[in-house]
Structures are given as structure tokens and as C-alpha cells.
Amino acid sequence: MTSTQRLPFLKGHGTENDFVIVPDPDGRLDLPAAAVARICDRRAGLGGDGLLRAVRSAAHPEARAQADEAEWFMDYRNGDGSIAEMCGNGVRVFARYLLHAGLVEAGDLAIATRAGVRRVHVAKTGDVTVSMGRAELREESVVVTVDGRSWPARNVNMGNPHAVAFVDDLAHAGDLLAVPPFSPASVYPDGVNIEFVVDRGPGRVAMRVHERGSGETRSCGTGACAVAVATARRDGADPTETGTPVTYTVDVLGGSLSITELPDGTVEMTGPAEIVAEGTFTPAWMGAALA
């Protein structure tokens with residue numbers, strides 16, 4: 001971009017997991033990690049847990065193969081600028097943005113992500129439902145440790161990696177400012193999202209999460225899905241064997257998400273998504289961020 005161009009942005013959140021949205025339909029904007037981190041900085045930038053760049057799939061090299069199935073690609077970046085495969089709350093906010101901008105009609109649509117195409121139902125108002133694909137439960141044994149306490153963690157992949165630990169008290173997760181130690185490190189060579197979970201009653205759990213590249217966030221959509229699947233298996237439920245769907249309400253710091261695992265193994269997530277602001281970056285600030 002030139003020094004006189006004003007780059008548009010929007011700000012949105014899903015259960016208080018917040019994102020900066022940058023429209024770039026033709027894929028012309030180069031956003032290096034340092035620029036994303038500066039945009040997401042809560043004191044020196046706009047602030048956000050991550051950034052969603054909206055690009056037509058045909059215009060992005062990582063999504064061209066999905067262009068026939070999904071017109072729009074969610075180029076998701078963590079708050080530190082690193083690239084991530086998937087973000088469940090981000091997909092809901094991305095869908096809400098597409099509707100807000102008049103780029104799609106209300107109803108069913110497909111969104112391309114690095115974890116594959118995600119099917120979404122977005123109403124004109126209210127919640128957004130995302131088909132998150134199947135959870136992959138891996139057999140590697142993982143242990144998470146905080147302040148001298150250790151717990152076994154379930155290794156669940158929702159297009160991105162998760163370690164789900166059941167604890168007696170969410171305070172046992174500590175401050176979550178740094179990545180909680182886990183072992184063996186070789187299980188997650190590219191890092192991991194770590195969820196700490198407590199029971200809240202039949203069909204209901206609560207969680208805190210340290211998101212890879214972002215620290216503790218108010219919510220994590222893929223994490224809530226991983227938690228629901230791990231809880232179902234702990235409770236002896238597997239819809240692929242029983243043919244009966246299983247639904248859990250997952251309370252996060254920013255609200256609640258409804259997660260259903262279907263008999264075919266597909267996981268559906270339903271929750272709110274809001275666009276709260278839109279504007280433009282000043283050319284001088286954005287030019288410095290991209291320099």
C-alpha cells in the first residue's frame with residue numbers, strides 16, 4: 001500500500017474472543033507477522049486475540065484448490081502474527097462479517113480455512129453454527145503441569161492441536177501468562193492449545209484456555225469442541241458407536257458455546273458473533289507497521 005492509502009478494518013468478537021478483520025478480496029496485501037502483532041497489540045494497536053484477513057479463495061495460493069467449494073478464505077493469524085490452521089470463534093465472526101459486508105446472503109455458506117472447508121449457517125441476527133469437521137483423538141500420552149500439579153491431558157485435534165486436562169478447580173491453571181509446561185514436547189512440535197476443564201453439572205463444563213500464539217483468551221471455539229469430545233469420551237459416550245448425538249454446553253470466560261457431536265463424528269458449534277466497529281488505519285501508522 002502507498003502512504004496515502006487508507007486500509008479498512010473491522011473489529012468483531014465471538015464470546016469475547018476478539019479479532020481484527022482486514023478485507024483483502026484480491027489478495028494484494030502482504031501482512032508480515034510483525035505487522036499483525038502490532039495491529040493486535042492492545043496498547044499500541046487496535047488490539048485483538050487474532051487477525052482475520054478476508055481473501056477470495058481464488059486469489060490466495062493456499063486456498064485456490066478450495067475455490068470451487070468456497071468463495072472466501074479465512075486467512076487466520078494469531079495475536080503474535082503466527083499462522084494458525086483454524087479458529088472456531090474466528091469462523092463465526094468471519095461469517096458474520098461476510099453477511100455484514102453484503103458479500104453473502106443469510107443462510108448456509110462455505111468458508112475455506114487452512115484446516116479445510118467449513119460449512120456455516122449464519123442467520124441475519126443471532127447465533128452462528130459451524131460444522132467443525134471430525135475430531136481426531138490421538139493416542140499419545142500427554143501430561144500438563146502447573147505450579148507443581150500435574151494432570152493427564154487428552155490429545156484432540158480439531159484441525160489444530162489441543163491438550164484437554166480435567167481439573168478440580170479452574171484456578172489450578174494458574175495465570176496462563178506463559179505456556180503451561182507439557183510433556184513430552186515431541187507430541188506437539190508446533191505448539192498446542194491447552195484447555196483446563198471442570199464439571200458444572202450434567203451436560204455442562206467450564207474451561208480456561210491458553211491459546212498457542214495468543215496467551216489466555218476469553219474463549220476458544222476449537223478448544224470448546226475438543227473439550228466437548230474429550231468430555232464425552234470420559235463420560236463413556238461415543239456417537240459414532242451409539243448413533244445418538246451428544247451435546248455439551250461449554251462455559252468460557254466470555255460466555256457459552258453449544259457443542260454437538262453427531263453420529264457421523266462431525267462436531268457442530270453454535271454461538272454468538274458480533275461486528276462491533278469498522279474504520280480505517282491511518283496511512284502513516286499502517287505504513288510504519290508494514291515497514
Side-chain angles (χ1 to χ4, degrees), residues 14-15 66 68-70 74 85-92 94-95 106-123 126-142 151-167 187 192-207 209 219-252 255-273:
T15 50
Q66 303 175 75
D68 290 342
E69 199 174 352
M74 183 183 76
E85 305 91 342
M86 180 56 187
C87 177
N89 288 320
V91 171
R92 297 201 321 280
F94 191 87
D108 297 327
L109 64 141
I111 294 173
T113 77
R114 290 186 176 88
V117 174
R118 294 294 181 258
R119 305 288 172 181
V120 180
H121 181 83
V122 55
D127 288 347
V128 178
T129 296
V130 183
S131 180
M132 298 287 288
R134 295 171 62 100
E136 181 182 349
L137 287 87
R138 299 182 174 177
E139 296 303 322
E140 297 97 335
S141 178
V142 183
W151 306 271
R154 191 70 190 254
N155 185 351
V156 184
N157 193 286
M158 286 300 311
N160 58 356
H162 295 268
V164 180
F166 292 93
V167 298
V187 174
V192 63
N193 305 285
I194 301 177
E195 289 81 26
F196 297 86
V197 186
V198 296
D199 288 296
R200 283 276 173 86
R204 194 175 199 113
V205 294
M207 62 175 259
V209 58
S219 178
C220 176
T222 56
C225 293
V227 163
V229 173
T231 304
R233 299 303 181 273
R234 184 206 62 178
D235 293 345
D238 185 346
T240 64
E241 294 182 356
T242 65
T244 302
V246 176
T247 298
Y248 285 91
T249 297
V250 180
D251 295 331
V252 295
S256 297
L257 295 165
S258 177
I259 312 296
T260 298
E261 188 179 10
L262 300 173
D264 66 358
T266 301
V267 179
E268 290 187 343
M269 172 186 58
T270 299

* I would like to know whether Arg119 and Glu69 meet salt bridge (Lys or Arg N to Asp or Glu O under 4.0 Å); could you show each step before the answer? => CA-CA 10 Å; Arg119 305 288 172 181; Glu69 199 174 352; 2.5 Å; yes
* Asked: Just one of Asn89, Thr15, Val128 clears the side chain to side chain contact (heavy atoms under 4.5 Å, CB included) bar with Pro272, so which one?
  -> Thr15
Of all residues at least two apart in sequence or in a different chain, which pass the salt bridge (charged side-chain N to carboxylate O under 4.0 Å, His left out) check with [X]?
X: Glu85; result: Arg212
X: Asp199; result: Arg234
X: Arg134; result: none
X: Asp238; result: Arg233

With heavy-atom distances below 4.5 Å as the criterion, would you say the side chains of [X] and [Y] are in contact?
X: Met269; Y: Thr222; result: no
X: Val252; Y: Met207; result: yes
X: His162; Y: Val229; result: no
X: Cys225; Y: Glu261; result: no

* State which residues pass side chain to side chain contact (heavy atoms under 4.5 Å, CB included) with Asn157; sequence neighbours excluded, sorted by chain then number. => Glu136, Arg138, Pro161
* Would you please test Arg204 and Asp251 for salt bridge (Lys or Arg N to Asp or Glu O under 4.0 Å) and show each step? => CA-CA 8 Å; Arg204 194 175 199 113; Asp251 295 331; 2.9 Å; yes
* Asked: Any chance CG of Asp68 has more than 12 other-residue heavy atoms, nucleotides or ligands included, within less than 6.0 Å?
  -> no
* Among all residues two or more places apart in sequence or in another chain, which pass the side-chain hydrogen bond (donor to acceptor under 3.5 Å, both in side chains) test with Thr244? -> none
